[in-house]
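In this chain, residues are counted from 1 in sequence order.
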Amino acid sequence: MTSLAVANPGSLIQSVDWVAIAPPLIAAVAALAVLLTDLFLPERHKKWLGRLTAAGLALALIALLPLTGSSPRATFCVQNVAGGSDTPGVTGSAVGGCSYVADHFALVFQLLALGGALIAALLSMHTVESERLPRGEYWFLLLSSATGAALLPASRDLATMVIALEVASLPAFALVALRRDGRGAEAAFKFFVSSVTATAVMLLGVGFVYAASGSLHLAAVAQGLEHAPGQLRPLAEAGAVLTLVGFAFKVAAVPFHFWVPDTYTGAPLPVAGYLSVVGKAAGLSGLALATTIAFRPYAHTWGLVLAVLAAVTMTAGNVGALRQRFDTRYSAVRLLAWSSVGQAGYLLVPLAAAGYAPGGVDPLGATAAYALIYGVVNLGAFGVVAAVGRRAGTSVDDFRGLFARNRWTALALAFFLLCLAGLPPGVIGLFGKVVVFRAAVDAGLGWLAVVMAVNVVVALFYYLRWTARLFAPATGDEALPEGAAGHRLPVSLTATLGLTASAAVVLSVAPQLVLQVAGGSLF
């Protein structure tokens, strides 16, 4: 049971808990500030827009601090609903008519969304200048998308969740299209068409769920579905399935993954990294909320569906990565794209386990912990690809002999790849996979744990193959010593690599910090 600090739940005119909504609100205000500043700022000073963006995201992260260590805070409440809870993994009587709840689950995913957006902003500063992207539009769109990604984990009604998902997605379409080389428009079109189709299906599902339950608030939906008349049960079940499609698309779960490789290669590199972490975090949080709260009466049904989806997704992602040729243009980005599909399968395992977990056990802590680990190391890997792409290309073969010309960048990428593979010294990656593996075993999903173990072994091949190229002998121009002309990294790229590498090393030394942040009690 949990206690919620609620702002006047029974009144139509109520006060707003500004502290609770501060993180996404600050990101939204920063987006408007960037948009207005861009109108009046001279062209020669517009590089300050990137710094304003980073400052806004940093302030949004700081706004999370007053919400930690206290009871969950709720606002935009309209009624009291017994028999449900707005907090994932919590049962009992609580306020079910609130549209926004800042509980521990929401804070963890807001940390991931805003922190990932901040790292993507640092990674973007050099890219925006070197590729001559429209600066005002770029930073406004990034902040707008981050606002939606931060709002979604705290949303507790289906309408707010759909709006938050679209606020996170629509600016992302434009971000992908900002690269003016022909590939950007094609990538954005594929992303847009597939996403709009998934959203349409999702809205149809929400309509069915509302018709069957009589409410859009998640806890009230669960109560309505549990007591729905027999003739409405098929409608409710169809609505639940259709609603989950939109979130499955954002997570890039099979068969909604086909847009990922082409979109990542056509987008500016920082945008690809942003989509792989922040976009996936938004979809994952929505999927967790919809299943564990709204569709709790169908737990064993969606638990089995998500288990099958997790197995197929991790297998398709790793097989797709294995099939990539290392000597083609953008092969590094495509490899990371297929890798992100495989990682999405691992992220779905604890959600599937939540459908089978006994009362009082919350496997969602494993999802949050793995999402945090994945976010840090994957953005770090994209950062190294961006750094190498400044002078060479973005094929995997362009990384051959990287250690000879820039040993620290090579060591950073090797560490990130080992973390993704789950091999020492990337202890944090191994720790994350063990946490997810244990969630499946504890829920009685032994077959899923076996599939995951096989996929982890399969993924070792392409991660280690890429790592080996970093230390292969280099000849000719590739053998230029570190610090030679063209090898000095911009400050923003150095900050990105330093921040992500430091976080990965610290978490590998003290992996228990991840569980403390994620709130999981798995060991």
(request) Give every residue pair that meets the salt bridge (charged side-chain N to carboxylate O under 4.0 Å, His left out) criterion with at least one member in residues 21-41, sequence neighbours excluded. (result) D38-K46
(request) Please answer whether the main-chain N or O of A288 pairs with a side-chain N or O of T291 as donor and acceptor at a distance below 3.5 Å. (result) yes
(request) Spell out, as yes or no, whether a donor-acceptor pair under 3.5 Å connects the side chain of K250 to the backbone of G286. (result) no
(message) Determine whether a donor-acceptor pair (N or O, by modelled atom type, separation under 3.5 Å) exists between the side chain of S145 and the backbone of A168.
(response) yes
Side-chain polar contacts of residues 199-210 - donor-acceptor pairs under 3.5 angstrom, sequence neighbours left out - could you list them?
{"residue": "T199", "atom": "OG1", "partner": "E166", "partner atom": "OE2", "Å": "2.9"}
{"residue": "T199", "atom": "OG1", "partner": "S195", "partner atom": "O", "Å": "2.9"}

(message) Taking V221's backbone N and O only, do any of them form a donor-acceptor pair with S213's side chain (distance below 3.5 Å, no angle check)?
(response) no
(request) Supply the atom-to-atom distance L141 CG to L175 CG, rounded to the nearest 0.5 angstrom. (result) 4.5 Å
(request) State whether the side chain of T75 and the backbone N or O of D17 hold a donor-acceptor pair below 3.5 Å, judged by distance alone. (result) yes
(message) Using side chain to side chain contact (heavy atoms under 4.5 Å, CB included), reason through L347 and V436 one step at a time and then give a plain yes or no.
(response) CA-CA 8 Å; L347 288 166; V436 171; over 6 Å; no
(request) Determine whether more than 12 heavy atoms belonging to other residues, nucleotides or ligands lie under 6.0 Å from atom OH of Y298. (result) yes
(request) Check step by step if side chain to side chain contact (heavy atoms under 4.5 Å, CB included) holds for F76 and I21. (result) CA-CA 10 Å; F76 304 117; I21 68 172; 4.0 Å; yes
(message) Would you say that W48 contacts L52 through its side chain, given a criterion of any heavy-atom pair below 4.5 Å between the two side chains?
(response) no
(request) Report the C-alpha distance between F295 and L244 in whole Å, list the side-chain angles of each, state the deciding distance to 0.1 Å, and finish with yes or no for side chain to side chain contact (heavy atoms under 4.5 Å, CB included). (result) CA-CA 10 Å; F295 305 139; L244 297 181; 3.9 Å; yes
(request) May I ask you to decide whether R296 forms a salt bridge with E226, counting only side-chain N to carboxylate O separations under 4.0 Å? (result) no
(message) Would you say S124 and Y138 are linked by a side-chain donor-acceptor pair, where the criterion is simply a distance under 3.5 Å?
(response) yes
(message) Between R179 and E131, does any side-chain N to carboxylate O distance fall below 4.0 Å?
(response) yes
(message) Please report the interatomic distance CG(L151) to CD1(I163), rounded to the nearest 0.5 Å.
(response) 8.5 Å
Determine all donor-acceptor pairs shorter than 3.5 Å in which one atom belongs to a side chain in residues 371-386; sequence neighbours excluded.
{"residue": "Y374", "atom": "OH", "partner": "S276", "partner atom": "O", "Å": "3.1"}
{"residue": "Y374", "atom": "OH", "partner": "N378", "partner atom": "ND2", "Å": "3.3"}
{"residue": "N378", "atom": "ND2", "partner": "S276", "partner atom": "OG", "Å": "2.8"}

